[in-house]
Amino acid sequence: MSSDHPQSLERPAGSAEAPFLELLARGASADAYEQPVLIARAEGRPAGRIAALEQAKAVALRVRSELEGRRRREAELSALFETAHDLAGLRDLDAVLRAIVQRARSLLGTDVAYLSLHDPVRGDTYMRVTEGSVAARFQQLRLGMGEGLGGLVAQTARPYVTDDYFKDDRFQHTLTIDSGVRDEGLVAILGVPLTLGHHVIGVLFAADRRARVFEREQIALLGSFAALAAAAIDTANLLTETRSALTELERANEIIRDHSGVIERASEVHDRLAELVLRGGGVHDVAAAVSEILDGTVEFTEIAPTEALEASRAEGHAVRHGDDWIAAVAAGGELLGALVLRGHPGLDPVDQRTLERAAMVTSLLLLARRSAAEAEQRVRGELLDDLLDARDRDPRLLRERAARLDADLDATHVVLAARLDGPAPDADQEAAARRRLWSAASHLAATRHGLAAARDGGTVLLLPLTAGDTATELARRTAGHLGTAVHEAVTVGASAPVRDLVVHLDAVAAAYEEGRRCLDALRLLGRSGDGAAAEDFGFLGLLLAGDRDIAGFVERTIGQVVAYDERRGTDLLRTLDAYFTCGMSPARTKDELHVHVNTVAQRLERVGRLLGEDWQSPSRALEIQLALRLYRLSAPPRH
């Protein structure tokens, strides 16, 4: 025998199995078992040797097949054990079902594995878990009973396998199902039922994108996985039912505890609110007490979101608005304000009733306070009536009466005339609207240390003017405040600031007439619901204010030019008058003044620096010309 042949092939015929044992030990592929026989034939070995090798090969292949089967069964048992272990520690049903489908696909070596479940409401099955699928339409398939291979499995509760889906006529083909299967490219499909007792709850599938024959062992293995999947679903359902039962028991216990605490809490609320009323507590005391009871922040406000406020008044209950709760405070048909529970979106019925009860107590307190306030308002109105009619000229008595109302008549004041603008359907509603306006104005006057009275179908207010404030700003704020309070447009006209009220009693009446003229002007100009003072109307304000404001108008309009001429001895006023007389032409102006045109230009430039860059605009030019004429008329004649 030649020395260049492998040593393993030079053994006696009785050692023919040796090379195959080595292949078995290495776990070689089936094709490798042909090599010893092929080498022996190539070397011209005796027929007996070749026959022995063939026999040893056949035995080795049977041993290899047995070992492969045992390894496969071991892997299958291991996968089943792991799946059963996952089931025993079930926390997430979807995770367990995904694991079952993934392991089934891996062990059967298929391209795709998927699981469908029965929908008792629609009476069909739907895809629950897929593994290896790439087609969206396939993943969303629904199979009716008897439709497709899965429908047949669900209907008969038996496993079915097809080597070629589209050539199999044992089950009903539908366009929807066939389109989904075609999109996925499936050919061979195995389906086994998921059963609980005698009921099929779904189907477990393994499929390939090529023709394939599924062996009996593979069908049995997929059935084992289906049994585990059914057990997982049953366990999850039992856990869900158990949790639901526990939740219901906990809810029942909570209800019992809540009911036992309702009486105590209601008693506490009743006692706290009754104590507040008896000791003369106010609205904010009620809000503070309810804040403590509800463990939140409760505030009384006269301004709240309109929609929620109206809903609460109409329903008679507190309503939720975002994260807040709003309970309307109303008496009869009148809305007095609201109690607002801030940042407390979760409110149980007991706490809601507590907030509603507090709103009712608040309305009673407000009505009681209103009676006292109305008495004070009448006193304030009487004092203002006396000031307007100049009936009491004793400054000392006036100051004493004002001091008792927390008003200071020595401060600078503004007289404001306020009137409702909306037409009333009838006389009764108009009277009610006027009462609301007077009540709101009286409340505002009390809070601002002023006076208010009903007069001439509207309301007149005497309010102090703070440092840095103007009559215009005060008028606009008052219009907005009163309009919000009565839910209607209120127009307010204001006088110029008035000083020394107790010294010049007729000044109040004159200021009131000025405010009324301003009010009428606003309404004629279509500015209903707004507030303004005479100074806002330019030269029109001069007409509204009367003779007493002529000097003020001239001062505001050309005062700086007048002062400049007086200080410097210049002739800017005469130049300005000639400029307007000559049609704003510098060339004609220099002829009128008999000066050089450059002199005219220099003087006009100085005027511009004094009056502002827009002094030649049409509106400013008109006011300047009027002020110039009034200045000439009011100035003493020159001799």
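We count residues from 1, following the sequence as given.
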Please check if the number of heavy atoms outside [X] that lie under 6.0 Å from its [atom1] is greater than 12.
| X | atom1 | result |
| --- | --- | --- |
| Glu310 | CD | yes |
| Arg170 | CZ | yes |
| Glu307 | CD | no |
| Arg342 | CZ | yes |
| His199 | NE2 | no |

Keeping the roles fixed (side chain from [X], backbone from [Y]), state whether a donor-acceptor pair exists under 3.5 Å.
| X | Y | value |
| --- | --- | --- |
| Asp421 | Gly529 | yes |
| His481 | Ala440 | no |
| Glu356 | Ala318 | yes |
| Thr156 | Leu152 | yes |
| Glu131 | Val112 | no |

Centroid-centroid distance, Phe214 to Tyr160, less than 6.0 Å = no
Let me know which of [options] forms a side-chain contact (heavy atoms from CB on, under 4.5 Å) with [X].
| X | options | answer |
| --- | --- | --- |
| Leu222 | Val161, Thr110, Val192 | Val192 |
| Ile326 | Val340, Leu339, Thr301 | Val340 |
| Arg210 | Val187, Asp164, Asp111 | Asp111 |

Electrostatic pair Glu184-Arg209, nearest N-O below 4.0 angstrom | yes
Using a 4.5 Å cut-off on heavy atoms from C-beta on, say whether the side chain of Lys167 contacts that of Thr162.
-> no
Among all residues two or more places apart in sequence or in another chain, which pass the side chain to side chain donor-acceptor pair (under 3.5 Å) test with Thr195?
-> none
Residue list, side chain to side chain donor-acceptor pair (under 3.5 Å) with Arg527, at least two apart or on another chain = Asp530
Would you call the rings of Phe205 and Tyr114 parallel, tilted or perpendicular, where under 30° means parallel and over 60° means perpendicular?
-> parallel
